[in-house]
Trainee: 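Below you'll find the structure I mean.
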Amino acid sequence: MNRYLIALCCSVLLFNTNAVAEVTLDLPSNLDLVLVNGNESSGNDTLKLENGTNQIAFRYIGRYQQHGTQTQFKSDIIIIKFDEQNSQLSLTLPRIRSNGAADNFNKAPQLTLIDSNEQNVHFEQGKLIKDGLQLGRDYQQEMAAYNLTAQSASLQLKGSAGVSSAMIAAPTIAAASGTTPASSQQQSTSQATVNQQINVGQMLDFWYQQADEETRKAFKERINSN
């Protein structure tokens, strides 16, 4: 009988350990995912994440009525980073019911992250900003560049994981087995150069958008002087 009880207790403990051996994150209905740990995502289904540091990027999507007019609000892309083990977390966003509230949220998003005991969980917060036309954005590329910075929600990969901006900017091209004709090699080299220039342009655009007005002015003057 004692052996049976011991075996049963061990089974229960093993089951419970496996059940919480990850981080789950419940998301509100007014949230739309953009990236989860650097990978494209969408929707607001509950996330199952690995233990440790996780980083997600998302938008607030909502509607409100003001002065008889229905308005749809889509926020800037918000980034949060947190480090948790075997936790059940819940992220909440405030209600937005006016243009003023929408503007205030974009300026300083107020978020709440709590655990299963309704205790506040520490997280770092930032934004993935790109001014001007928003079509054709490469969020993965932008996040990769952001994670090389020292901003609080960044993974701060530079120097710690051997990642450099050159590695991000230059795509890896796999060579086919066998002998490649010279013309094909030239085409591959030309295409690689084009791809690199496109990515360099994206990186320059990203850093220009992150700069303040004084830095932008100095950047323009440097270009015009060349």
Side-chain angles (χ1 to χ4, degrees), residues 23 25 27 31-42 47 49-61 74-85 89 91 93 103-113 120-172 192 195-224 226:
V23 175
L25 177 61
L27 303 173
L31 176 150
D32 186 41
L33 287 168
V34 176
L35 297 169
V36 176
N37 291 324
N39 297 312
E40 291 184 357
S41 186
S42 62
L47 296 177
L49 307 168
E50 297 289 337
N51 285 330
T53 300
N54 286 282
Q55 181 192 62
I56 68 170
F58 57 91
R59 281 193 180 96
Y60 186 123
I61 304 290
K74 181 184 292 186
S75 74
D76 296 330
I77 297 176
I78 303 165
I79 306 167
I80 65 169
K81 180 184 71 173
F82 53 91
D83 191 338
E84 286 292 309
Q85 304 282 333
L89 309 179
L91 179 67
L93 302 174
D103 291 340
N104 290 334
F105 182 85
N106 253 343
K107 292 176 182 177
Q110 300 296 314
L111 319 174
T112 303
L113 186 64
N120 287 330
V121 174
H122 174 75
F123 63 93
E124 301 291 349
Q125 181 177 325
K127 293 171 73 174
L128 202 60
I129 295 294
K130 181 180 180 181
D131 297 329
L133 191 63
Q134 301 296 301
L135 296 177
R137 293 183 65 176
D138 188 336
Y139 296 119
Q140 289 181 299
Q141 186 81 14
E142 290 181 35
M143 183 62 82
Y146 178 89
N147 281 330
L148 296 179
T149 71
Q151 298 188 53
S152 58
S154 164
L155 297 181
Q156 301 181 19
L157 297 176
K158 189 173 183 179
S160 62
V163 179
S164 66
S165 58
M167 292 173 65
I168 292 176
T172 301
N195 290 340
Q196 290 178 13
Q197 290 303 311
I198 291 174
N199 283 300
V200 168
Q202 291 175 342
M203 293 290 289
L204 287 173
D205 181 64
F206 173 81
W207 288 115
Y208 180 80
Q209 301 300 338
Q210 298 297 313
D212 55 27
E213 288 301 323
E214 184 176 351
T215 304
R216 291 183 182 184
K217 182 179 179 181
F219 181 71
K220 290 178 181 178
E221 290 176 351
R222 182 174 298 179
I223 292 176
N224 293 333
N226 292 333

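The structure displayed is predicted, hence computed values, not measured ones. Numbers for residues simply follow the sequence, beginning at 1.
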Trainee: Among all residues two or more places apart in sequence or in another chain, which pass the side chain to side chain donor-acceptor pair (under 3.5 Å) test with T53?
Mentor: D83
Trainee: In chain order, what residues pass the side chain to side chain contact (heavy atoms under 4.5 Å, CB included) check against S75, with sequence neighbours excluded?
Mentor: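 If we apply the side chain to side chain contact (heavy atoms under 4.5 Å, CB included) test to S75, skipping adjacent residues, the hits are R59, Y60, F73, I78, F105, N106.
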Trainee: With N104, which residues qualify under side chain to side chain donor-acceptor pair (under 3.5 Å), at least two apart?
Mentor: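 Residues passing side chain to side chain donor-acceptor pair (under 3.5 Å) with N104: none at all.
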Trainee: Considering residues at least two apart in sequence or located in another chain, which fulfil the salt bridge (Lys or Arg N to Asp or Glu O under 4.0 Å) criterion with D76?
Mentor: K127
Trainee: Nearest 0.5 angstrom please: Y139 OH to L128 CG, how far?
Mentor: 8.5 Å
Trainee: Atom CG in L47, atom CG in L89: separation rounded to 0.5 Å?
Mentor: 10.5 Å
Trainee: Applying ring-ring contact (aromatic ring centres under 6.0 Å, His included), name anything that partners F82, two or more places apart in sequence or on another chain.
Mentor: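 None.
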Trainee: Using a 3.5 Å distance criterion without hydrogens, assess whether the side chain of N37 forms a donor-acceptor pair with backbone atoms of Q55.
Mentor: yes
Trainee: Distance check, rounded to the nearest 0.5 Å: N147 atom CG versus L157 atom CG?
Mentor: 5.0 Å
Trainee: Looking at CD of E84 and CG of L113, how far apart are the two atoms once the value is rounded to the nearest 0.5 Å?
Mentor: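 Rounded to the nearest 0.5 Å, the CD-CG separation comes to 7.5 Å.
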Trainee: According to side chain to side chain contact (heavy atoms under 4.5 Å, CB included), who are the partners of T112, at least two apart in sequence or on a separate chain?
Mentor: T92, I114, N120
Trainee: Can you name the side chain to side chain contact (heavy atoms under 4.5 Å, CB included) partners of D103, sequence neighbours left out?
Mentor: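 Side chain to side chain contact (heavy atoms under 4.5 Å, CB included) list for D103, sorted by chain: empty.
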Trainee: What pairs with Q125 under side chain to side chain donor-acceptor pair (under 3.5 Å), at least two apart in sequence or on another chain?
Mentor: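 Once residues adjacent in sequence are excluded, Q125 has no partner under the side chain to side chain donor-acceptor pair (under 3.5 Å) criterion.
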Trainee: Verify side chain to side chain contact (heavy atoms under 4.5 Å, CB included) between L155 and K81, making sure each step is shown before the conclusion.
Mentor: CA-CA 8 Å; L155 297 181; K81 180 184 71 173; 3.8 Å; yes
Trainee: Just jot down the side chain to side chain donor-acceptor pair (under 3.5 Å) partners of D32, sequence neighbours excluded, or say none.
Mentor: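 Per chain and number, D32 pairs via side chain to side chain donor-acceptor pair (under 3.5 Å) with no residue.
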Trainee: Return the CG to CD1 distance between L25 and I80, rounded to the nearest 0.5 Å.
Mentor: 6.5 Å
Trainee: With side chain to side chain contact (heavy atoms under 4.5 Å, CB included) as the criterion, how do L33 and L27 come out once you've worked through the C-alpha distance, each side chain's angles and the decisive distance to 0.1 Å?
Mentor: CA-CA 9 Å; L33 287 168; L27 303 173; 3.8 Å; yes
Trainee: Heavy atoms, side chains only, cut-off 4.5 Å: are I77 and F58 in contact?
Mentor: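 In short, these two side chains do not touch, never coming nearer than 4.5 Å.
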Trainee: Measure from the side-chain N and O atoms of K130 to the backbone N and O of R137, and report whether any donor-acceptor pair falls under 3.5 Å.
Mentor: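 No; zero donor-acceptor contacts below 3.5 Å.
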Trainee: The criterion is side chain to side chain contact (heavy atoms under 4.5 Å, CB included); which residues satisfy it with Q140, sequence neighbours excluded?
Mentor: L35, N39, E40, D138
